[in-house]
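The structure appears right after this line, and notes come after that.
Chain letters run A, B, ... following the sequence lines, proteins first, then strands; residues in each count from 1. Note that this is a predicted model, so its numbers are computed, not measured.
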Amino acid sequence: MGLVSRVVEDFGIATVNVSTGRDLTAQVKPPRSVFVNHPMGNPFGRPGQPDVQREILTAALDRLEKCTTPGELVDLPHDWGEKVLTIFDLKEAFRASAPDPSTGKQPY
Amino acid sequence: MEPIDFVALIDNYYQSKGYPPYRWTVNDDVSLSPLSKPLSECTVSMLTSGGISYKIAEPFNPIAKDDFRLDAIDSASADDAFQINDSYYDHRDAEKDLNVIFPLARLRELARDRVIGRVADRLWSGFMGRIYKRQHIIDEAAPRFAEELKRDGVDAIVMVPA
């Protein structure tokens, strides 16, 4: 998605990436980014926490006005509070499988 | 807590599978297009690559590679109108509350509160992970996407990779 951001920005549209993969974002270098040390499925926090969601979204939008250094990646202070799991920790739960045709949901 | 070293994790995974080493994209520089007006006057869109689609639409292929499907999302949609199909991240929380990955309701609130000017009519879901045809993104898919954003008068966009 960092590549998409770079192209969109070249078309004159300001972009900001909300990253949970700090090293991945740093090497692709989108125009502006914030890093949140959360699991990949939770960039804006946990369910039912609209205040946290709004805070992180606002912090990302804030970069659109404040960032003057191309490629800048700002670390947000939010902490997940427990070990951040990745797909590699969850391989069993997320084994590749077709979605259930009746529900469109992927069986866990 | 230290950020996860995804590069090492993925390199090790490829190695353990006997695949050739993953060829990372590494860019040294990038240019900025600064906002031409205050954020409070800007039209803002949002893109997720998290395999999110309307329940009434085809699900995204959860194990897709080089999937260039791009769905337009009506920014007035209800949070519970969506399904998520992507085998490469844990989306159980997002299924309970879409706003943890695609904060549609929060974006609308920020428009109501005049933090942003307005939410674009169309938000977007696409550019799922595991796209290996990078040149196709740069030359075709991303420019086409940018043209769609221009059509909606989008000044700025929040990009949420998953």
Side-chain angles (χ1 to χ4, degrees), chain A residues 1-19 21-24 27-32 35 37 39-48 50 53-54 57-58 60-61 64-65 67 70-71 79-80 84-88 90 93-97 99 104-106, chain B residues 1 3-7 9 13 24-35 38-39 44 47 49 55 59 62-63 83 85 87-94 96-97 99-101 103 106-107 109-110 115-116 127 134 137-138 142-143 145-146 149-150 154-162:
Chain A
M1 184 167 280
L3 283 182
V4 179
S5 301
R6 294 168 61 90
V7 174
V8 167
E9 188 91 15
D10 284 343
F11 275 72
I13 296 165
T15 65
V16 61
N17 278 53
V18 181
S19 169
R22 196 182 195 290
D23 57 342
L24 301 175
Q27 61 184 8
V28 176
K29 211 184 261 299
R32 305 169 196 77
F35 169 67
N37 200 2
M40 195 166 280
N42 299 75
F44 297 93
R46 292 184 166 85
Q53 296 162 4
R54 179 175 168 130
L57 181 59
T58 305
L61 290 165
L64 293 164
E65 286 194 312
C67 173
D79 190 291
W80 187 240
V84 172
L85 300 176
T86 74
I87 187 63
F88 298 100
L90 297 161
F94 288 84
R95 65 191 179 279
S97 55
K105 294 274 181 204
Q106 200 181 332
Chain B
M1 211 172 300
I4 287 167
D5 187 343
F6 279 102
V7 171
L9 275 177
Y13 176 74
W24 296 104
T25 297
V26 180
N27 293 305
D28 295 326
D29 50 24
V30 63
S31 54
L32 286 184
S33 294
L35 290 180
L39 185 61
V44 179
L47 167 68
S49 60
K55 283 175 182 165
I63 55 168
Q83 58 177 321
N85 294 276
S87 292
Y88 294 88
Y89 73 96
D90 183 348
H91 42 77
R92 286 173 290 190
D93 280 353
K96 291 179 205 142
D97 180 355
N99 293 287
V100 305
I101 192 158
R106 302 293 87 77
L107 198 60
E109 286 168 13
L110 292 175
V115 175
I116 63 172
F127 295 101
R134 293 172 206 171
I137 292 183
I138 294 167
F145 176 50
L149 297 174
K150 290 244 163 211
V154 169
D155 302 299
I157 181 165
V158 179
M159 314 288 261
V160 192

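- Interface remark: Asp93(B) contributes backbone and side-chain atoms alike to the contact with chain A (heavy atom separation under 4.5 Å).
- Per-residue counts of heavy-atom pairs under 4.5 Å with chain B were compared for Arg46(A), Arg22(A), Arg6(A); the largest is that of Arg6(A).
- The candidate from Pro143(B), Ala94(B), Pro34(B) with the greatest count of non-hydrogen atom pairs under 4.5 Å with chain A is Pro143(B).
- When Leu149(B), Asp28(B), Val160(B) are compared by the number of non-hydrogen pairs under 4.5 Å with chain A, Val160(B) comes out ahead.
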Requested in this report: Evaluate the criterion side chain to side chain contact (heavy atoms under 4.5 Å, CB included) for residue pair Leu61(A) and Ile116(B); output intermediate values, then yes/no.
Outcome: CA-CA 9 Å; Leu61(A) 290 165; Ile116(B) 63 172; 3.9 Å; yes

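- Interface remark: Asn17(A) contributes backbone and side-chain atoms alike to the contact with chain B (heavy atom separation under 4.5 Å).
- Atom CZ of Phe127(B) and atom CD1 of Ile137(B) lie 6.5 Å apart (nearest 0.5 Å).
- The parts of Phe6(B) that come within reach of chain A are both its backbone and its side chain, each placing non-hydrogen atoms under 4.5 angstrom from that chain.
- Here Glu9(A) pairs with Arg32(A) under the salt bridge (charged side-chain N to carboxylate O under 4.0 Å, His left out) rule; sequence neighbours left out.
- If you tally non-hydrogen atom pairs under 4.5 Å between each of Ser5(A), Gly21(A), Gly71(A) and chain B, the highest count goes to Ser5(A).
- Using a distance-only test at 3.5 Å, with no hydrogens or angles considered, a donor-acceptor pair links the side chain of Glu65(A) to the main chain of Leu39(B).
- For a residue to count as touching a neighbouring chain, one of its non-hydrogen atoms must lie under 4.5 Å from one of that chain's; by this rule Pro50(A) touches chain B with backbone and side chain alike.
- Most heavy-atom pairs under 4.5 Å with chain B: of the set Phe35(A), Phe11(A), Trp80(A), this distinction falls to Phe11(A).
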Query raised in the report: Do Thr15(A) and Val4(A) pass the side chain to side chain contact (heavy atoms under 4.5 Å, CB included) test, and can you show the C-alpha distance, the side-chain angles, and the key distance before you say yes or no?
Result: CA-CA 10 Å; Thr15(A) 65; Val4(A) 179; over 6 Å; no

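- For the set Val44(B), Asp29(B), Val115(B), the count of heavy-atom pairs under 4.5 angstrom toward chain A peaks at Asp29(B).
- The OG atom of Ser33(B) sits 9.0 Å away from atom CD1 of Ile13(A), with the distance rounded to the nearest 0.5 Å.
- Using a 4.5 Å cut-off between heavy atoms, Leu107(B) touches chain A through backbone and side chain atoms alike.
- Contacts between Asp79(A) and chain B at a heavy-atom distance below 4.5 Å involve the side chain alone, from C-beta outward.
- Looking at Pro161(B), the atoms closer than 4.5 Å to chain A (heavy atoms on both sides) sit in the backbone and in the side chain alike.
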